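Shown next, in structure tokens, is the structure this report addresses.
Counting begins at 1 with the first residue of the sequence. Hydrogens, waters and symmetry mates are skipped; everything else that's a heavy atom, side chains included, is used. Since the model is a prediction, treat every value here as computed from it, not as a measurement.
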Amino acid sequence: QVTLVETGGGMVQAGGSLRLSCAASGSSFSRYTMAWFRQAPGKEREFVAAIFRSTYRTYYGDSVKGRFTMSRDNAKNSVYLQMNSLKPEDTAVYYCAADLSLILSSIAQHTAYDYWGQGTQVTVSS
């Protein structure tokens, strides 16, 4: 069992940067695959980035590659999402997610994750 709390959302102009944090409570944090998803109004939940549990390799959605960087700090039970060169189309609620047993082929599927934070709003103005 893990509880996730996201912080760091806000409003920024296009071209700016934001850093999201996700703090996890519970045991065995280092064993979880951790991910970020986002959801804009009227749209499906979209995969942003994930760090796979066994290799700690990072994966990104096509729309954020080269602009966003995900990292994790197991000592602090936290993951981060550094978002640079933000665009208005990045506007969404950003969610942190965790799962202990998903397989790599499911890493971008939101249905594969058991644990979710409450989300944090990111708004990018043009």
Task: same_hphob_cluster(Leu100, Val2) at 4.5 Å side-chain heavy-atom cutoff - done: yes
Open item on the list: Looking at Phe29, I'd like to know if the NZ or CZ of Arg72 sits under 6.0 Å from its six-membered ring centre while staying within 45 degrees of the ring's axis.
Closed with: yes
Task: ILVMFWY clustering at 4.5 Å (side-chain atoms), partners of Tyr80 - done: none
- [ ] Measure the CD1-OH distance between Ile51 and Tyr56 for me, rounded to the nearest 0.5 Å.
- [x] 8.5 Å
TODO: Treat each ILVMFWY residue as a node, draw an edge where side-chain heavy atoms are under 4.5 Å apart, and state whether Val79 and Val5 are in one component.
DONE: no
Open item on the list: I'd like to know whether Cys96 forms a side-chain contact (heavy atoms from CB on, under 4.5 Å) with Trp116, so could you lay out the CA-CA distance, the side-chain angles of the two residues, the decisive distance to 0.1 Å, and finally the verdict.
Closed with: CA-CA 6 Å; Cys96 179; Trp116 291 87; over 6 Å; no
Task: Gap between atom CD of Gln1 and atom OG of Ser25 - 0.5 Å precision - done: 9.0 Å
Open item on the list: What's the separation between atom CZ in Phe37 and atom CD in Gln109, rounded to the nearest 0.5 Å?
Closed with: 8.5 Å
Task: Contact check, side chains of Arg31 and Arg53, non-hydrogen atoms, under 4.5 Å - done: no
- [ ] Indicate, with yes or no, if Tyr59 and Tyr32 share a hydrophobic cluster defined by side-chain heavy-atom contacts under 4.5 Å among Ile, Leu, Val, Met, Phe, Trp and Tyr.
- [x] no
- [ ] Answer with yes or no whether the hydrophobic clustering places Tyr115 together with Phe52; edges join I, L, V, M, F, W, Y residues whose side-chain heavy atoms lie under 4.5 Å apart.
- [x] no
Task: Heavy-atom pair of closest approach, residues Ala92 and Arg38 - done: CB-CB, 3.8 Å
- [ ] Write down the atom of Ser17, the atom of Ser85, and the distance for their closest heavy-atom approach.
- [x] OG-N, 4.4 Å
TODO: Would you confirm whether Tyr95, through its side chain, and Glu6, through its main-chain N or O, come within 3.5 Å as a donor-acceptor pair?
DONE: no
TODO: Answer with yes or no whether the hydrophobic clustering places Leu104 together with Tyr113; edges join I, L, V, M, F, W, Y residues whose side-chain heavy atoms lie under 4.5 Å apart.
DONE: yes
Open item on the list: Quick check against the 3.5 Å criterion: does Thr91 have a side-chain atom that pairs as donor or acceptor with the backbone of Val124?
Closed with: yes
TODO: For Ala24 and Leu4, work out which heavy atoms get closest and say how close.
DONE: CB-CD2, 3.7 Å
TODO: Begin with the C-alpha distance, continue with both residues' side-chain angles, and end with the deciding distance and a verdict on side-chain contact (heavy atoms from CB on, under 4.5 Å) for Arg67 and Asp90.
DONE: CA-CA 11 Å; Arg67 300 187 299 122; Asp90 294 318; 2.7 Å; yes
Task: Distance in Å, Thr7 OG1 paired with Gln118 CD, rounded so as to fall on 0.5 Å steps - done: 9.0 Å
Open item on the list: For a quick test of reading the model, state the closest non-hydrogen atom pair linking Gly119 to Val93 and the distance between them.
Closed with: CA-CG1, 3.8 Å
- [ ] To the nearest 0.5 angstrom, please state how far the NZ atom of Lys87 sits from the OG atom of Ser126.
- [x] 14.0 Å
- [ ] Could you point out which residue of Leu20, Asn84, Leu18, Leu86 forms a side chain to side chain contact (heavy atoms under 4.5 Å, CB included) with Phe68?
- [x] Leu86
Open item on the list: Check whether Asn77 reaches the backbone of Ala23 with its side chain - one donor and one acceptor, N or O, closer than 3.5 Å.
Closed with: no
Open item on the list: With a 3.5 Å distance limit and no angle check, can you tell me whether Tyr94 reaches the backbone of Gln39 through a side-chain donor-acceptor pair?
Closed with: no
- [ ] Give the minimum heavy-atom separation between Val64 and Val48, together with the two atoms involved.
- [x] CG2-O, 3.4 Å
Open item on the list: So, taking the atom named CE in Met34 and the one named OG in Ser71, what distance separates them when rounded to the nearest 0.5 Å?
Closed with: 11.5 Å
